[in-house]
Structure formats: structure tokens, C-alpha cells
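Below: one structure, written as C-alpha cells.
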Amino acid sequence: MDLKKEEGVSLEEDAKKKQLDSFDKKLQDFESRLNPSKKHNHSQSFGGDNDLWKFVLRSGVELFSAFLVGIMIGYGLDYWLSTRPLFIVIFSFLGMGAGVLNVWRIVKPGDIKSK
Amino acid sequence: MVAGHKIDALGQFELHEVFGGLGVYFTQSELMMVIAAIIVPVAIYFGMRHKAVVPGRYQSATEMCYEFIHGMAIGTMGAKGKGFFPFIFALFFFILTGNYLGLLPFSFAFTSHIVVTVTLALMVFVLSILVSLKNQGLKFFAHFMPAGAPIAMAPLLVPIEILSYLSRPISLSIRLFANMVAGHVMLEMFAGFTILLATGLGLALGGPLGILPILLNMALTALELLVGALQAYVFAILTCMYLQEAIEH
């Protein structure tokens, strides 16, 4: 009776151990899958969001804000030098360029810090 | 059908004086900022008061908050950025508390005013410029000319780089401001639908139908809780990244 009991216990322990081992393996697999993407996120100097909708929202704001800065600087220069609409035209195009550059910084593959 | 009842979705962002006769124009926005600035240290003080080795629920939550921001700040800025951790921590929880305070009834979300978010963003921007100048000296200005680009392209590339740099505080502030305004306008719109349905269709028909916008508002409130945390996080992590650039280069 006792032997059988002991055998039963050890069998149970074995099963538990196997379960734990497989769980550990799964956890490691998951972490190894998670880590590269984590590293990838941190390497993006403009804030790594790989989710598509977050990216869409962010890039829209980036495009718009650079354009807005261009318009504001152009308007200010025109107001100061009374050359309207010379600088507002130039700087709105530069602002659009800067907006595209901002979005490029988000999507650019590889290390951005070495710009 | 809806005579006399209009949805005034933007009225909620108007400022009103709360303490008259003080000699200063003290609005509900400032009041909420003061409350947020008080809530955070008080919550942390009471969370850590017992300093238990085996923390209770409240202490655990406080420690988790600390570790979350600490991990984010050090993970992004590296060990050199340790000194900026208190700043990031304060910034994150000030914005987070502001976003969440705004969700309470009869309250006001001060982060829905662009003047507040621009001030926060400019603070970060000026700080990152100062840190850059301290760490890199005049070499900081060399970053506005991309390495390897022909000199002939400089008149085009340098203004674009400068504009891109200057757009940082704008994008940082617009993101937070726009998210908060959009969320609160949506909540107000759907809350208004309930009243419009009840008054327009009569209480017998409009009343039961008016439950639908309320259900939607419950879902939107949950979404706002997510957005409030997410925007505070985005603000904080972008601050970390700008400071990291300022430290590293």
C-alpha cells in the first residue's frame, strides 16, 4: 500500500515537474520573442510604437506640427520684414519637408541615433 | 424638434473664476492643477508611510508606480539620465492625474487647454536644449547638418532639420491637447443625445432610447481612462527620448 502511495506521489510530482518545465520553456520562448521587439522599440529615437493605429495618429501629428511651425515662422518673418507672402510660401514648403522628415524618423529602419 | 436644446460641446472648456475677490484671476483650471499637484505627493506619502518590508496593497501600488517610471526612464535614457528621473516622474503623474481628474463630474481637465500642454512641452524642450548645450557645447548645432550630405544641400537641409527640431514641442503639446479635447467633446456629445432624445421624442419613447447614449458613454469613459494613461505615458517617454538624445550625442 505504502509503496503504491509513494509511487503515486512521485508520479504526480513528475507530472508537475514536466508541466513546470514546459511552462518555463514556453515562457522563455515568449520572452525571446518579446525581447527583440523591445530592443527594436528602444532603438527608435522618435518613440517606438509598432502598433499601426498609434503610428498613424503619431505621424499625422508630426506632419501637422512641422507644417504649423513652418507657417508660423514664415508668417512671423513676413510680418517683421513686410515681405508677405514670400517667407510664408518658402517656410510652408520647408515645414512640409520637415514633417516628412519627422515621419521618416519614426519609420526609418535601423539605428537612427547615428544621424 | 429640439428647439431650445442645443449641444454645447465646447462650453465645458470655458474658464470661470472660482475664488472671486482674491485679486487674481484664479480659474477652475488652476484649481485642478493645484489639486493634482497636491494629490500626487500626498498619495505617495501615505503609500510609503509604513515602509513595510512586505508591502500591503497600497504600498505595492505606490512602489509599482515608482518602478514603472523608473524602468521607463532608465531604460530609455540609460544610467546617465538618472538625474532626470524625478522630473519624468512628476511630469507623468501630473499629466495622468490631470487627465483622470477631468473625468470626474463637475471637474475640469486642465490638459485640454493648449496653453497648459504647450507650457509643459516648452519646459521639456528648453530643458533638453540646455542639457544638449551643457553636454555637447557648440557641437550641438552641428546636428542640424546631416552627416555625409553635400555642402551644397545645406541651405535646404539645415532649415528642414531646424524646423523638424522646433516641431517637437508643438507635436508633443498638440497630441495631448487634441486627445483630451476630442475625448471630452465626444463624452459631452453623447450625453447631450440623451437629453435631446428625451426632450425631442417625449419621455415615453425618448426616455428608453436615451439609455443607448448612456451605455455608449460608459464605453467612452473606459476608452478615456485608456487614452488618459496612454497620453501621459507618450508624453513622458518622448521626454525621455529627447533628454536621452541631449545626453548621448
Side-chain angles (χ1 to χ4, degrees), chain A residues 34-35 37-51 53-77 86-108 111-115, chain B residues 71-78 114 117-118 121 125 128 142-149 153 155-179 182 226-227 230-231 233-249:
Chain A
L34 203 67
N35 275 335
S37 69
K38 245 189 183 174
K39 273 177 197 161
H40 183 66
N41 267 353
H42 281 302
S43 74
Q44 296 201 344
S45 75
F46 237 82
D49 286 323
N50 287 331
D51 292 352
W53 70 276
K54 273 190 220 162
F55 161 69
V56 169
L57 281 179
R58 269 201 63 196
S59 51
V61 172
E62 296 288 354
L63 270 176
F64 175 71
S65 55
F67 181 54
L68 194 71
V69 170
I71 295 265
M72 274 172 4
I73 291 175
Y75 186 83
L77 282 176
L86 178 67
F87 283 108
I88 207 163
V89 172
I90 296 173
F91 273 91
S92 59
F93 280 112
L94 288 175
M96 286 180 213
V100 173
L101 182 70
N102 282 348
V103 176
W104 171 239
R105 291 240 165 88
I106 304 175
V107 296
K108 189 178 177 182
D111 193 9
I112 290 154
K113 285 169 208 159
S114 59
K115 62 174 178 190
Chain B
M72 182 185 79
I74 303 303
T76 317
M77 294 190 288
I114 195 157
T117 59
V118 160
F125 185 65
S128 77
H143 291 301
F144 290 120
M145 181 63 199
M153 292 290 280
L156 185 66
L157 289 177
V158 172
I160 287 184
E161 286 282 344
I162 291 174
L163 279 181
S164 163
Y165 192 74
L166 289 179
S167 75
R168 282 176 175 189
I170 307 291
S171 67
L172 204 56
S173 53
I174 284 181
R175 193 176 302 119
L176 178 59
F177 148 79
N179 271 288
L226 174 72
V227 168
L230 204 66
Q231 287 311 316
Y233 176 72
V234 167
F235 202 101
I237 197 150
L238 284 176
T239 303
C240 285
M241 275 161 184
Y242 297 158
L243 286 174
Q244 184 261 341
E245 267 184 20
I247 298 164
E248 287 291 313
H249 277 289

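First the proteins, then the strands, lettered A, B, ... as listed; each starts at 1. Reckoned from all heavy atoms, side chains included, excluding hydrogens, waters and symmetry mates. Please read all numbers here as calculations on a predicted model, not as lab measurements.
Looking at Leu156(B), the atoms closer than 4.5 Å to chain A (heavy atoms on both sides) sit in the backbone and in the side chain alike. Contact of Ile73(A) with chain B is made through the side chain alone, with heavy-atom distances under 4.5 Å. The contact between Leu94(A) and chain B is made by backbone and side chain atoms together, counting heavy-atom distances below 4.5 Å.
Leu68(A) meets the side chain to side chain contact (heavy atoms under 4.5 Å, CB included) test with Phe64(A), Met72(A), Ile170(B), Ile174(B); sequence neighbours excluded. Take Ala121(B) and apply the side chain to side chain contact (heavy atoms under 4.5 Å, CB included) test, not counting sequence neighbours, and it matches Pro169(B), Leu172(B), Ser173(B), Phe235(B).
Side-chain atoms of Ser164(B) do not come within 3.5 Å of backbone N or O of Ile160(B) as any donor-acceptor pair.
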(message) Pair Arg58(A), Leu238(B) - check side chain to side chain contact (heavy atoms under 4.5 Å, CB included), show working.
(response) CA-CA 12 Å; Arg58(A) 269 201 63 196; Leu238(B) 284 176; 4.1 Å; yes
